Amino acid sequence: MIKQAIIPLAGLGTRLLPLTSVFAKELLPINGKPGIEYILDECIEAGIKEVIFIISKKKLMIKKYFYNDALYKNIIKRKKDPRIIKEYKKILKYKKMIKFVFQDKPLGTGDAVLKTKKFIKDKYFLMLLPDDLIIKKNCSKSMISIHKKFKSSVMASMKVNKNEVSRWGIYNVKKKIDKINFFIKSVVEKPTIKQAPSNNAVIGRYILPKTIFAKLINLKPSKGGEIHITDAIQSLINDNNKFVGHNFSGKYLDCGTMKGYINSTLEIVKI
Ligand code: UTP
């Protein structure tokens, strides 16, 4: 069973500057609710019991959001507003399941994942990238079913425009399983249009094996001088570990850019 999830939150968020010069983008409201709460709700509904947040000192605001008990208690004592009581209860529910680890320098997603090494208990864990919202269908839940069926790692994926491949991790199919699931042959981080083996992009949901930590320890920075999780995944594939690409059926919302962030609210109000 997959009971633990990790969420890297220690990036700089440069695409959302100037907002991110003072604010954690994961707390920005999407239809009145912080983006990170959508991610936590997806985890809870998928049966996750513990979530590890990888943050940095610059992102301490995220920890504070879940640890503001004195403020809530004070206000609730003076003003018995049922809305505030309900919100506080929700925060407490999230807080109970979150652990925080720190990545001091944003050296890349691979380095961020490595920080969770000593907390991962089971053979496999879930990773969610908080910029990637998937609505209408719980992607993590579907991926956990696929993991159970194939006893493999799983990555969420979708077809992207050929001229946009350099924004994503792109994979090549080894064997088609059915219309929406594929065994992966190789994966490359942000390739040029020429280098891209296909237009199958990896989206921010991964079921990864604990053995990935041994790969991450030895990884050197690659594209853009960062340590990429994609390189560790390729190394596992080279050792014959099975990775399934799952074309999810929910709707993808890219909250990492201003255009995508604004659009996410417009899409969510429609549901
Ligand atoms: P990205 O590189 O896509 O986003 O990282 P970013 O760094 O947040 O924002 P931009 O690109 O500068 O606009 C994907 C995810 O991995 C986390 C980020 O917080 C984001 O959730 N991350 C990235 C880390 O936790 N540590 C890192 O060193 C790099």
Side-chain angles (χ1 to χ4, degrees), residues 4-28 30 34-40 42-43 51-63 65 98-117 119-120 125-134 139-140 155-158 160 164-170 187-191 201-206 208 212-213 215-217 219-233 252-264:
Q4 288 180 298
I6 69 168
I7 306 182
L9 297 148
L12 297 174
T14 51
R15 287 166 301 163
L16 281 179
L17 279 170
L19 271 177
T20 43
S21 65
V22 293
F23 206 78
K25 63 179 169 181
E26 298 80 7
L27 293 178
L28 289 171
I30 297 170
I36 193 68
E37 290 193 11
Y38 289 91
I39 299 282
L40 286 169
E42 178 178 332
C43 287
V51 183
I52 301 166
F53 278 17
I54 304 133
I55 60 167
S56 64
K57 285 207 181 94
K58 287 185 186 141
K59 294 295 208 49
L60 266 173
M61 175 191 278
I62 296 176
K63 187 166 183 187
Y65 182 78
I98 306 172
K99 265 204 179 103
F100 291 85
V101 299
F102 283 80
Q103 183 195 26
D104 297 330
K105 282 191 193 138
L107 300 178
T109 48
D111 181 67
V113 173
L114 189 54
K115 303 294 179 209
T116 66
K117 182 172 179 273
F119 299 100
I120 298 297
F125 60 96
L126 172 70
M127 171 165 83
L128 305 95
L129 300 184
D131 282 354
D132 292 351
L133 282 197
I134 300 172
C139 181
S140 296
M155 298 196 276
S157 72
M158 67 176 196
V160 295
E164 279 185 66
V165 285
S166 62
R167 285 183 52 197
W168 318 89
I170 300 290
V187 61
V188 52
E189 183 67 23
K190 302 187 175 72
V202 177
I203 303 301
R205 302 286 182 278
Y206 305 69
L208 297 170
I212 200 160
F213 294 116
K215 299 289 182 192
L216 288 169
I217 288 171
L219 269 192
K220 299 264 173 316
S222 63
K223 198 145 286 171
E226 290 191 18
I227 299 169
H228 294 287
I229 193 72
T230 316
D231 294 337
I233 291 170
Y252 168 63
L253 304 172
D254 173 10
C255 302
T257 64
M258 188 49 79
K259 197 172 163 208
Y261 166 65
I262 291 166
N263 184 51
S264 63

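Whatever order the structure lists ligands and atoms in, that order sets their numbers, starting from 1. Predicted model only: the values in this text are computed from it and were never measured.
- Of all protein heavy atoms, the one lying nearest to atom 22 (N) of ligand 1 is Gly11 N, 3.6 Å.
- Closest of all the heavy-atom pairs between Ser140 and Glu42 is OG-OE2, 2.6 Å.
- Considering backbone and side-chain N/O of Glu226, none are found under 3.5 Å from N/O of ligand 1.
- For atom 15 (C) of ligand 1, the closest non-hydrogen atom on the protein side is Leu129 CD2, 4.0 Å.
- The Pro130 neighbourhood of ligand 1 comprises atoms 21 (O), with distances under 4.0 Å to a heavy atom of that residue.
- Within the 4.0 Å heavy-atom shell around ligand 1 one finds Lys25.
- Those atoms of ligand 1 with a heavy atom of Leu9 less than 4.0 angstrom away are 19 (O), 25 (O).
- Looking at atom 21 (O) of ligand 1, its nearest protein heavy atom turns out to be Pro8 O, 2.8 Å.
- Under the salt bridge (charged side-chain N to carboxylate O under 4.0 Å, His left out) criterion, Asp131 pairs with Arg15, Lys25, not counting sequence neighbours.
- Note that atom 2 (O) of ligand 1 has no protein non-hydrogen atoms nearby, at separations under 4.0 angstrom.
- Only the backbone of Leu107 comes within 4.0 Å of ligand 1, judged by heavy-atom distances.
- Under a 4.0 Å criterion applied to the non-hydrogen atoms of Gly13, ligand 1 contributes the atoms 6 (P), 7 (O), 8 (O), 9 (O), 10 (P), 12 (O), 13 (O).
- Taking a 4.0 Å cut-off on heavy atoms, Thr109 registers as neighbouring ligand 1.
- Short contacts between ligand 1 and Ala112, defined as distances under 4.0 Å to a heavy atom of the residue, involve ligand atoms 24 (C), 25 (O), 26 (N).
- Here Phe125 and Phe119 keep their ring centres 6.0 angstrom or further from each other.
- Residue, atom and distance of the protein heavy atom nearest to atom 26 (N) of ligand 1 are Gln103 OE1, 2.7 Å.
- More than 12 heavy atoms of other residues, nucleotides or ligands lie within 6.0 Å of NZ in Lys223, so this atom counts as buried by the packing criterion.
- Between Ile120 and Ile6, the closest side-chain pair of non-hydrogen atoms falls below 4.5 Å.
- Atom numbering of ligand 1 starts at 1 in the shown order; those under 4.0 Å from a heavy atom of Leu12 are 7 (O).
- Residues Leu219 and Ala232 come closest through the heavy atom pair CD1-N, 3.7 Å.
- Regarding atom 28 (O) of ligand 1, its nearest protein heavy-atom neighbour is Gly108 N, 2.7 Å.
- Of the protein's heavy atoms, Arg15 NE, 3.2 Å lies nearest to atom 11 (O) of ligand 1.
- Of the residues Thr109, Leu114, Thr116, Leu9, the one that meets the side chain to side chain contact (heavy atoms under 4.5 Å, CB included) test with Ile54 is Thr116.
- For atom 25 (O) of ligand 1, the nearest non-hydrogen atom of the protein is Ala10 N, 2.8 Å.
- With sequence neighbours left out, the side-chain hydrogen bond (donor to acceptor under 3.5 Å, both in side chains) criterion links Tyr261 to no other residue.
- Protein heavy atom closest to atom 12 (O) of ligand 1, with residue, atom name and distance, is Thr14 OG1, 2.5 Å.
- The closest side-chain heavy-atom distance from Leu208 to Ile229 is below 4.5 Å.
- The two atoms that bring Gly35 and Ile30 nearest to each other are CA-CD1, 3.9 Å, heavy atoms only.
- Side-chain atoms of Val160 and Val165, non-hydrogen and from C-beta on, do get closer than 4.5 Å to each other.
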